[in-house]
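Quick notes on the structure that follows.
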Amino acid sequence: SVVSPDAAQTGPHGILTGGNAMYTTKSGDTWDVIAKEVYGSEYHADVLMAANPQEIDTFIFNAGVELNTPALEEERDGLMPPWKYEASYD
């Protein structure tokens with residue numbers, strides 16, 4: 001569910017569109033599952049992790065944890081996760 005401080009519009013899955021929102025975890029959620037639900041792709045798990053450093057050591061969430069879900073800054077080209085396309089093999 002989403003906690004909305006202002007009266008912005010909500011989109012699919014109750015996710016706030018046009019600004020930052022909160023996602024309240026369900027028992028058993030993982031970063032990739034949350035990213036898939038919030039952003040439509042598990043490849044955006046890094047965005048969630050960066051926005052929620054206090055939970056970085058969590059692998060499987062309990063119910064009721066509130067996570068920041070910032071709007072995506074820009075779409076990435078390709079389907080590779082960031083740890084592959086940002087890697088340097090020099």
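None of these values were measured; they are calculated from a predicted model.
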Exercise for review: Report the C-alpha distance between Tyr39 and Val47 in whole Å, list the side-chain angles of each, state the deciding distance to 0.1 Å, and finish with yes or no for side chain to side chain contact (heavy atoms under 4.5 Å, CB included).
Suggested key: CA-CA 10 Å; Tyr39 298 120; Val47 174; 3.8 Å; yes

Review point. Taking all non-hydrogen atoms of both residues, which atom of Ile60 and which atom of Gly28 are closest, and how far apart?
Key: CG2-CA, 3.6 Å

**Study point:** Exam field: side chain Thr25 to backbone Val65, donor-acceptor pair closer than 3.5 Å
**Key:** yes

Exercise for review: Show your reasoning for whether ring pair (Phe, Tyr, Trp, His ring centres under 6.0 Å) applies to Trp31 and Phe61.
Suggested key: CA-CA 9 Å; Trp31 291 108; Phe61 288 91; 5.0 Å; yes

Practice item. Identify, with sequence neighbours excluded, every residue that meets side chain to side chain donor-acceptor pair (under 3.5 Å) alongside Thr58. Key: Glu55

Check your understanding: Any idea which heavy atoms bring Glu66 and Gln54 closest together, and the distance?
Key -> O-NE2, 4.5 Å

Point to revise | Side-chain donor/acceptor of Thr69 to backbone N/O of Ala21, under 3.5 Å | key: yes

Revision key, fill the gap. Taking every heavy atom of Asn68 against every heavy atom of Asn52, the minimum-distance pair comes out as N-OD1, 2.7 Å

**Study point:** Sequence-distant partners of Ala50, side chain to side chain contact (heavy atoms under 4.5 Å, CB included), two or more places apart
**Key:** none

Point to revise | Under the side chain to side chain contact (heavy atoms under 4.5 Å, CB included) test, residues paired with Asn62 that sit two or more places apart | key: none

**Study point:** Test side chain to side chain donor-acceptor pair (under 3.5 Å) applied to Asp29 - qualifying residues, sequence neighbours left out
**Key:** Tyr23

Exercise for review: Applying side chain to side chain contact (heavy atoms under 4.5 Å, CB included), run through Ile56 and Met49 and close with a yes or a no.
Suggested key: CA-CA 6 Å; Ile56 200 66; Met49 294 168 109; 3.7 Å; yes

